[in-house]
4 protein chains.
Amino acid sequence: MSDKGKSAGKGRPRNAALDTAIATAVEQLLLTDGYSAVTIDRVATVAGTTRTALYRRFPSRVALIANALARHFGTDPAPDTGTLRGDLIELQRLQVEFFRAPIVAAGIAGLIGDLSGDPEWSALFHETFMAPRRRSTQAMFQRAVDRGEIPPFTHPSVVSDILTGPLLLHVMLPATGPLDDTLVVATVDAAMHLLSVDIHDA
Amino acid sequence: MSDKGKSAGKGRPRNAALDTAIATAVEQLLLTDGYSAVTIDRVATVAGTTRTALYRRFPSRVALIANALARHFGTDPAPDTGTLRGDLIELQRLQVEFFRAPIVAAGIAGLIGDLSGDPEWSALFHETFMAPRRRSTQAMFQRAVDRGEIPPFTHPSVVSDILTGPLLLHVMLPATGPLDDTLVVATVDAAMHLLSVDIHDA
Amino acid sequence: MSDKGKSAGKGRPRNAALDTAIATAVEQLLLTDGYSAVTIDRVATVAGTTRTALYRRFPSRVALIANALARHFGTDPAPDTGTLRGDLIELQRLQVEFFRAPIVAAGIAGLIGDLSGDPEWSALFHETFMAPRRRSTQAMFQRAVDRGEIPPFTHPSVVSDILTGPLLLHVMLPATGPLDDTLVVATVDAAMHLLSVDIHDA
Amino acid sequence: MSDKGKSAGKGRPRNAALDTAIATAVEQLLLTDGYSAVTIDRVATVAGTTRTALYRRFPSRVALIANALARHFGTDPAPDTGTLRGDLIELQRLQVEFFRAPIVAAGIAGLIGDLSGDPEWSALFHETFMAPRRRSTQAMFQRAVDRGEIPPFTHPSVVSDILTGPLLLHVMLPATGPLDDTLVVATVDAAMHLLSVDIHDA
DNA sequence: GTATAACCGAGACGGTACGTCAGGTCTTGAT
DNA sequence: ATCAAGACCTGACGTACCGTCTCGGTTATAC
């Protein structure tokens, strides 16, 4: 999502302090003044640098913000507690942690909004923030099948939707209330049910 | 969400043809060029009028677009088929119909993104697009309780989240795939389960 | 310069109170906020009426302001003191009185500026504010010739220019200093000299 | 009157071609369509650039036009012909040349009008266009005094008023007729007279 | 006494310009 | 190759005027 890791050795090296100054500036602006306040100009000013330096690192405003959110996207290994329910609870705990991070909560709606309409960026966003968790979720299901906990399931992605969708809803529309533990339990519960019965039996 | 219906009789009346020309222009731009193309300037040009006429009707770009989406928000009465499952299926059918409308699909992500950070607008959006359906859903649950289909339930809003969240996820991130019937059935199934058992039993 | 005096008897008569309210509003705005503040909207608001009523009286903003200044344009008869010098002194006194009126001082530069480029309006302005005094000045010169005070003069208009030009300069460019009596005496002096000698003798 | 000559070496230098394109555009619009046609928008369009580039150079429309006129303001040294009369004739020739320049004739009335009410801008205008000539005029008088041509004079500025005022009057109100040589001779004549006699003797 | 006509208030309408802000690119001199 | 600085074009923002128009309602005179 960024251009980091360019320095191949030739010319003047990147100023590492700038990298962090920029990241800090983005976060600060996002938290204090909201998504719309995160402009290239203001980030540069707050970071004490110039537009040029920003564009050398990020190709666009969206990339800049996406990168800031990505820093808060845990790369924890897929949970493997031995039971499906334990795995799911842990998974949701991780997801909630991500969505509840103030920077994520402040930025994700605007980011998705700005992405919408551009399939390329949209796909990249999905691949960065959604796909990894979805993939580890699928593996989790497979382990449960292998253990005999649940029967083979033919529509695993809808379960991911039910796990993630309600969380996203709460993050994007704060008027729906806080992202609390009741939601974690309920989504896990629902997922367990869908995984236990064949969907067209229901 | 708009200023329509203002005229108390005084002054020159609004040109109704303009109202529709504007709405049409918004839809057209949204569908052909995407959310970011829906600027006050372009809408005015396409509608064959001026910025002034737009600002007379809508206080901001957000209101303009929200109004266009609201036109596609069905005000159908809460479904009442006699059975909880039938009600839920019908509810989801309505929701999917709304989210699948090309204009809604094209505009909702950007709209929610632009709303984020402004609690007032955010609340208004929620009240306009989310709350009505949520309220009729609660009534639906109550009827099922009265009929003895399900036990009293203490967290009805999480069920609404599980019904709506996954749909929103698919609309906003097209990379997750189309909004198909599998999702309808799965969400209804999950909701039925959550309503049948007490949540902390699960 | 205005449309006053229209009432031919038939319909509802003009509200005379509005006429004065408008004139007062123009003067007030001109004096307190300057020429650029005298907009149709603001005048209407301050006068407690509407644009419509203004446009019924004046065809344009310029006419509105010109009318306000004209109210301060004395229609005193051409002075006739018996001597040329006495006449000239009196004439300059009248001119200074006009140019020093706060409303005139505040409005004339802007008015002439807005007129510039439109020969029709420009001619009307000249005819209204300049020509009358110029004509009575010519008559004054003729009386002096008849009395034998001065020889016949072939370029009387340049004398008018020398009498009026310096006053206008001071009104339009306050940085040149106040419009004081020294200027009156000097201009009269200069005019007397020009009238006494033939110009190509000098 | 402008922001030119800013570059201290840093950053991308101003595009000099733009400077001239803008000046040309202003002159063209002023001459063909008049003062009121000289808007930021139109100048930018005609100059083939953008509003932004204009605002980078001039803080306002007034500054833009003032700058265009200033280009036609001769910086010729104070005339020194050896005789007061010769100096005055030469001075008036220069003034007439300035006021008769089509751009000046087209723009000065509007410019002074827009300035009126803003003492700061008004003073700057006076300092730019009026004061230099006035100062060299004072020096001219002093030389004549030194030569013994005229007695010491205590109100030199009124003579400047009489020299410039009538010219300005003719430029601003074309209905008073063209700015011809008769006016030059008459104003010089009047000035000579005022300088030769003590003013309160007259 | 009832047309008719001009007024009044309110406010919408198409235009045009304003001055600002943002995005993303390019150019310069210096490190 | 990086950095700070800043110019450049593009395009949108929201506001303010202008002068015109269309309403409903109100006086007046004139038939």
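Quick note: numbers below take in every heavy atom, side chains included, and nothing from hydrogens, waters or symmetry partners. Lettering of chains follows the sequences in order, A, B, ..., and the numbering in each one begins at 1.
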* Closest non-hydrogen atom pair, R56(B) against R14(B) ->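 It is O-NH2, 3.0 Å.
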* To do: Scan residues 36-51 of chain D against DNA chain E and write down, sorted by residue number, each residue with any heavy atom closer than 4.0 Å; if none is found, say none.
  =>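 Residues of residues 36-51 of chain D under 4.0 Å from DNA chain E: T39(D), I40(D), D41(D), R42(D), R51(D).
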Whole-Å distance between [N] [atom2] and [X] [atom1]?
X	N	atom1	atom2	answer
L54(B)	dT15(F)	CG	C1'	14 Å
I65(C)	dC17(F)	CD1	C1'	13 Å
F58(B)	dA12(E)	CZ	P	13 Å
R57(A)	dA4(F)	CZ	C1'	12 Å
I22(D)	dC8(F)	CD1	P	8 Å
L29(C)	dC17(F)	CG	P	11 Å
D114(B)	dA22(E)	CG	P	15 Å
R14(D)	dC26(E)	CZ	C1'	16 Å

Atom pairs, N/O to N/O, protein against nucleotides 27-29 of chain E, distance under 3.5 Å?
unit_1: dT27(E); atom_1: O2; unit_2: R12(D); atom_2: N; d: 3.4

* Quick one: list whatever passes side-chain hydrogen bond (donor to acceptor under 3.5 Å, both in side chains) with R51(B), sequence neighbours left out. => D41(B)
* For E27(A), which residues count as a side-chain hydrogen bond (donor to acceptor under 3.5 Å, both in side chains) partner, sequence neighbours excluded? -> H72(A)
* Asked: Between R61(C) and dC18(F), does any side-chain N or O lie under 4.0 Å from OP1 or OP2?
  ->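 Indeed, a polar side-chain atom of R61(C) lies that close.
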* **Below 4.0 Å: OP1/OP2 of dC21(F) and any side-chain N or O of R56(C)** => no
Going by side-chain contact (heavy atoms from CB on, under 4.5 Å), name the residues that satisfy it together with [X], two or more places apart in sequence or in a different chain.
X	answer
A21(C)	A47(C)
T50(D)	T52(D), A53(D)
A123(D)	none

Under 3.5 Å, which donor-acceptor pairs link side chains of residues 111-119 of chain C to any protein atom two or more places apart or in another chain?
unit_1: D114(C); atom_1: OD2; unit_2: Y35(C); atom_2: OH; d: 2.6
unit_1: D114(C); atom_1: OD2; unit_2: R61(C); atom_2: NH2; d: 2.7
unit_1: S116(C); atom_1: OG; unit_2: G113(C); atom_2: O; d: 3.2
unit_1: D118(C); atom_1: OD1; unit_2: E120(C); atom_2: N; d: 3.0
unit_1: D118(C); atom_1: OD1; unit_2: W121(C); atom_2: N; d: 3.1

* Does the side chain of L18(C) come within less than 4.5 Å of R57(C)'s, by heavy atoms? ->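 Yes, side chains in contact.
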* **Residue met sooner reading DNA chain F from 5', once L18(A) and S60(C) are mapped to nucleotides** =>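 In this pair, the answer is L18(A).
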* Asked: Listed by chain and number, what are the salt bridge (charged side-chain N to carboxylate O under 4.0 Å, His left out) partners of R12(D), not counting sequence neighbours?
  -> none
